[in-house]
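All values derive from a computational prediction rather than experimental measurement.
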Amino acid sequence: MSEDATMRGKAAIVGIGETTYYKRGQSPDPEVKLVLDAIQLAAEDAGIDVREIDGFAAYANDRNDPSRLMTAFGSKDMTFNNMVWGGGGGGGSAAVANAVAAVLAGYSKYVVVYRGLAQGQFGRFGQGPQAAVAAGPGAFTAPYGLLSPAQSFAMRIRRFMHEHGAEQSALRAISMATYRHAQSNPRAVMYGRELTEEMYDNSRMIVEPFHLFDCCQENDGAAALIVTTAERARDMKQKPAWVMSAAQGSDYRQAATAHNSPDYATSNFKTLAPRLYAMAGMGPEDVDVLQSYENFTGGVLMSIVEHGFCEPDEVNDFFTLENFSAPDGKLPLNTSGGNLAECYMHGLELVHEAVRQVRGESTCQVPDANVSMVTSGPMVQPVSDLILAADRGVDG
């Protein structure tokens, strides 16, 4: 890939902000105020006046209209307004990519990427739909009891586990690693709630193969980050987290109705990973720490395989608590606690943790972490990826 055709090292994340994270329904504030608070904190972290933000990038059909946000802040101008369509967290890294595109095209100086959730205000994500009529794709599944996200995603991971002999212990290692890391993170909703093997094994089954601790949380809160060009990033308040690459998309017919995609046992990253690595000029061997979106642990399992960290038939040996634990594991995983144990903010909190790792500010810091990778939204459509680095690694 030519130097002109890549975003490698040309932009950076320069500010991050997040509200307190609450269990679903427990936020004292409405969703829009949570988002405003997170953006204000990100601007303060970057060392800029919040009114200087002139671009807005969101995903997962976020309800918080940039026009309303800029009015609340008294922003001087809005030069970019963008949404990654589709539910779930698959657009988290893609929203960062779109922000990078906006600043490199010269549309905007500072683009904020944000996500807000107030499930007490707007309803839970983990429940099946409650409606008198099942329309569209749901007409082929809901009448037969296939309703919730857990039920839908369990079918894909069950196929993968059957085809490659993956055992429950592989899923357990993911869950235990995230909970272990959350015990060092006071921001985490599950801070102070350690998970043991016995607790995991004895927890109730939600839908096979997912135990309770294989499933993400349901939370209220908001998170935001600010992207700008390399030229501006050099003089900002914080050490830049350089964007080395980002990719978004979906494999052939992954959104086919009634679970009719030809490649079924996949997290949907097979076409993205090669583009991600080619743009960065890196491979999986260069990644120091991984933030992998867990709607359910099974998606992490398939995602790690599809990004080349191990072969499908090696998961039982590779997926261990020791390998996934910071600071010394082979692949430190979700070092803030992730969606399972820190907060479910549709994965934007994973990008925050990737920034902290390359800044050297994580509560579970990996020594000399230079490359931090984010995978956003396995088993949804679209999905996206992001690689950040502490060292820009390019001239200029």
Side-chain angles (χ1 to χ4, degrees), residues 16-24 26-27 38 89 92-93 115 117 119 125-126 170-197 199-200 203 210-225 288-301 303-304 319-329 331-366 369 372-378 386 388:
I16 55 176
E18 56 195 339
T19 66
T20 299
Y21 293 137
Y22 305 91
K23 185 178 179 180
R24 60 169 178 81
Q26 294 186 0
S27 170
S93 294
R115 184 70 177 113
L117 289 173
Q119 296 191 52
F125 279 100
L171 303 185
R172 183 178 62 199
I174 298 166
S175 184
M176 291 192 64
T178 62
Y179 270 79
R180 171 177 284 187
H181 294 146
Q183 305 319 304
S184 299
N185 178 11
R187 300 182 308 276
V189 175
M190 294 300 175
Y191 178 69
R193 299 177 64 178
E194 189 174 357
L195 178 65
T196 66
E197 283 193 16
M199 290 170 62
Y200 175 93
S203 64
F210 301 146
H211 286 258
L212 173 66
F213 295 107
D214 291 303
C215 303
C216 70
Q217 300 180 74
E218 296 177 277
N219 299 112
D220 296 347
L225 59 88
D288 298 310
V289 56
L290 175 65
Q291 315 300 331
S292 183
Y293 188 106
E294 335 97 289
N295 38 23
F296 305 95
T297 54
V300 179
L301 188 151
S303 173
I304 286 176
F319 281 61
T320 67
L321 179 59
E322 292 71 27
N323 281 349
F324 290 150
S325 292
D328 299 322
L331 185 66
L333 176 68
N334 294 358
T335 47
S336 64
N339 288 339
L340 296 183
E342 182 186 28
C343 170
Y344 177 73
M345 200 44 53
H346 260 146
L348 197 57
E349 84 287 348
L350 295 172
V351 181
H352 282 56
E353 178 62 10
V355 172
R356 291 190 182 97
Q357 283 287 349
V358 299
R359 283 185 182 179
E361 298 175 351
S362 172
T363 54
C364 284
Q365 184 63 45
V366 174
S372 188
M373 180 168 154
V374 183
T375 63
S376 298
L386 177 69
L388 301 178

Could you give the distance from [atom1] ([X]) to [atom2] ([Y]), rounded to the nearest 0.5 Å?
X	Y	atom1	atom2	result
F319	I174	CZ	CD1	5.0 Å
R356	C364	CZ	SG	11.5 Å
R187	E353	CZ	CD	6.5 Å
R115	H346	CZ	NE2	5.5 Å
L331	F324	CG	CZ	6.0 Å
N339	S292	CG	OG	9.5 Å

Please report the closest heavy-atom contact between [X] and [Y], naming both atoms and the distance.
X	Y	answer
P327	P332	O-CG, 4.4 Å
L195	S175	CD2-OG, 3.4 Å
S336	N185	O-ND2, 2.9 Å
N295	P378	ND2-O, 3.0 Å
V366	A326	CG2-CB, 4.3 Å
E197	M176	CG-SD, 3.4 Å

Can you name the side-chain contact (heavy atoms from CB on, under 4.5 Å) partners of [X], sequence neighbours left out?
X	answer
A38	T19, A222, A224
Q217	V189, M190, N219, Y344
S376	S93, V374, S384
S203	H211, L212, F213

Are [X] and [Y] close enough that some pair of their side-chain heavy atoms sits under 4.5 Å apart?
X	Y	result
V351	Q291	no
T375	M373	yes
T178	T297	no

- Does H352 reach the main-chain N or O of G17 with its side chain, forming a donor-acceptor pair under 3.5 Å?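 Indeed, once roles are kept as given, a pair shorter than 3.5 Å links the two residues.
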- Test item: Q26 side-chain N/O and Y22 main-chain N/O as donor-acceptor pair under 3.5 Å: no
- Message: Applying ring pair (Phe, Tyr, Trp, His ring centres under 6.0 Å), can you list everything that pairs with F296, at least two apart in sequence or on another chain?
- Response: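 In terms of ring pair (Phe, Tyr, Trp, His ring centres under 6.0 Å), with neighbours along the sequence ignored, F296 is linked to F153, F210.
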- Please name all residues satisfying side-chain hydrogen bond (donor to acceptor under 3.5 Å, both in side chains) with E294, sequence neighbours left out, ordered by chain then number.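 Partners of E294 under the side-chain hydrogen bond (donor to acceptor under 3.5 Å, both in side chains) test: N334.
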- Message: Is a donor from one side chain sitting under 3.5 angstrom from an acceptor on the other, for T335 and Q357?
- Response: yes
- Query: Is it the case that more than 12 heavy atoms not belonging to E361 sit under 6.0 Å from its CD atom?
  - Reply: yes
- Over 12 non-hydrogen atoms of neighbours within 6.0 angstrom of CZ in R180: no
